[in-house]
Amino acid sequence: MNVPVITVDGPSASGKGTIAERVAERLGFHVLDSGALYRLTALHAIRQGVDLQDSASVSALAAKLPAEFRPGKVWLASEEVTRAIRSEEVGEGASKVAALPAVREALLGRQRDYAQPPGLVADGRDMGTVVFPHAVAKVFLTASAEARAERRYKQLIEKGISANLAALVRDMRARDERDTQRAVAPLKPADDALVLDSTLLNIDQVVEAVLRHYHSTREN
Ligand code: DC
């Protein structure tokens, strides 16, 4: 596989999605939001009345997920679900189905198929460790739980949704604990990943750091 892949992994609300999109835009690369695939799997299972702990049934749905990504929009069969997959319920469901090894296996080939010319920026939790171990540039994006909670707080307030900062910090820590401790594909930097702490950086600075890292791998 000669298509260049850049992986951007990290905990929730670390800004991975935005960074991956901007980097892909700058390079003219495709982008894979792998978390959306777990969210789509959860939504599909909920809609079909399938128990989210039923590994065999959920992985069968994941293997044939009728999902389609169009610019700025996500479709599940004939329904546009761009907003629906961002709900709390679906987020919770995604974290449950993501813990099932058979589901992760069922989504593996589909994720790898996104590596198409001229290149791919893939964001998630295990892009550099499991899905694209041979990626040319790997980044692990972190930020303190407080900084991530504050970003999420601002997003919610801007959308007119009330939020509690202390509760968000607690949620962030609980999710980090769950993501890093799970048995299958736990959240951790790949050995060859550049670990970037974005606590004190803005989006543009992080994008530039990722691009510098990518270009440096091309020079060697
Ligand atoms: O990044 P996100 O919040 O959209 O991810 C949704 C869920 O899927 C989250 O619980 C983590 C999980 N996930 C995963 O296990 N592996 C990935 N590559 C991406 C997401």
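Side-chain atoms are counted along with the backbone in the values below, which use heavy atoms only and exclude waters and symmetry mates. Counting starts at 1 for both ligands and their atoms, in listed order.
Atoms CG and CG, from Asp9 and Leu141 in turn, are 9.5 Å apart once rounded to the nearest 0.5 Å. To the nearest 0.5 Å, atom CZ of residue Arg152 and atom CD1 of residue Ile161 are 10.5 Å apart.
At a threshold of 4.5 Å between non-hydrogen side-chain atoms, the residues Asp179 and Pro186 do not count as touching. Side-chain atoms of Val207 and Ile19, non-hydrogen and from C-beta on, do get closer than 4.5 Å to each other. Looking only at side-chain heavy atoms (C-beta outward), Leu168 and Leu156 come within less than 4.5 Å of each other.
Distances shorter than 4.0 angstrom do not occur between any heavy atom of Glu92 and any atom of ligand 1. Using a 4.0 Å cutoff on heavy atoms, Met127 counts as a contact of ligand 1.
Distance from atom 7 (C) of ligand 1 to its nearest protein heavy atom, with residue and atom name: Ala94 CB, 3.7 Å. Regarding atom 9 (C) of ligand 1, its nearest protein heavy-atom neighbour is Arg125 NH2, 3.7 Å. Summary of contacts: the protein heavy atom closest to atom 8 (O) of ligand 1 is Tyr38 CB, 3.6 Å. Here the heavy atom of the protein found nearest to atom 16 (N) of ligand 1 is Arg104 NH2, 3.0 Å. Looking at atom 3 (O) of ligand 1, its nearest protein heavy atom turns out to be Arg39 NH2, 2.9 Å. With hydrogens left out, the protein atom closest to atom 20 (C) of ligand 1 is Gly35 CA, 3.5 Å, a heavy atom.
Taking a 6.0 Å sphere around CD of Gln205, one finds it holds more than 12 heavy atoms contributed by other residues, nucleotides or ligands.
Atoms of ligand 1 lying under 4.0 Å from at least one heavy atom of Ala98, given by number and element, are 12 (C), 15 (O). Close approach to Arg182 involves these atoms of ligand 1, each under 4.0 Å from a residue heavy atom: 14 (C), 15 (O). The contact set between ligand 1 and Ser95, taken as ligand atoms under 4.0 Å from a residue heavy atom, comprises 10 (O).
Residues Val31 and Leu211 are members of separate hydrophobic clusters, defined by side-chain heavy-atom contacts under 4.5 angstrom among Ile, Leu, Val, Met, Phe, Trp and Tyr.
Considering only residues two or more places apart in sequence or on other chains, Glu105 meets the side-chain contact (heavy atoms from CB on, under 4.5 Å) condition with Leu108.
Any N or O atom pair closer than 3.5 Å counts here, and Ser34 shares at least one such pair with ligand 1.
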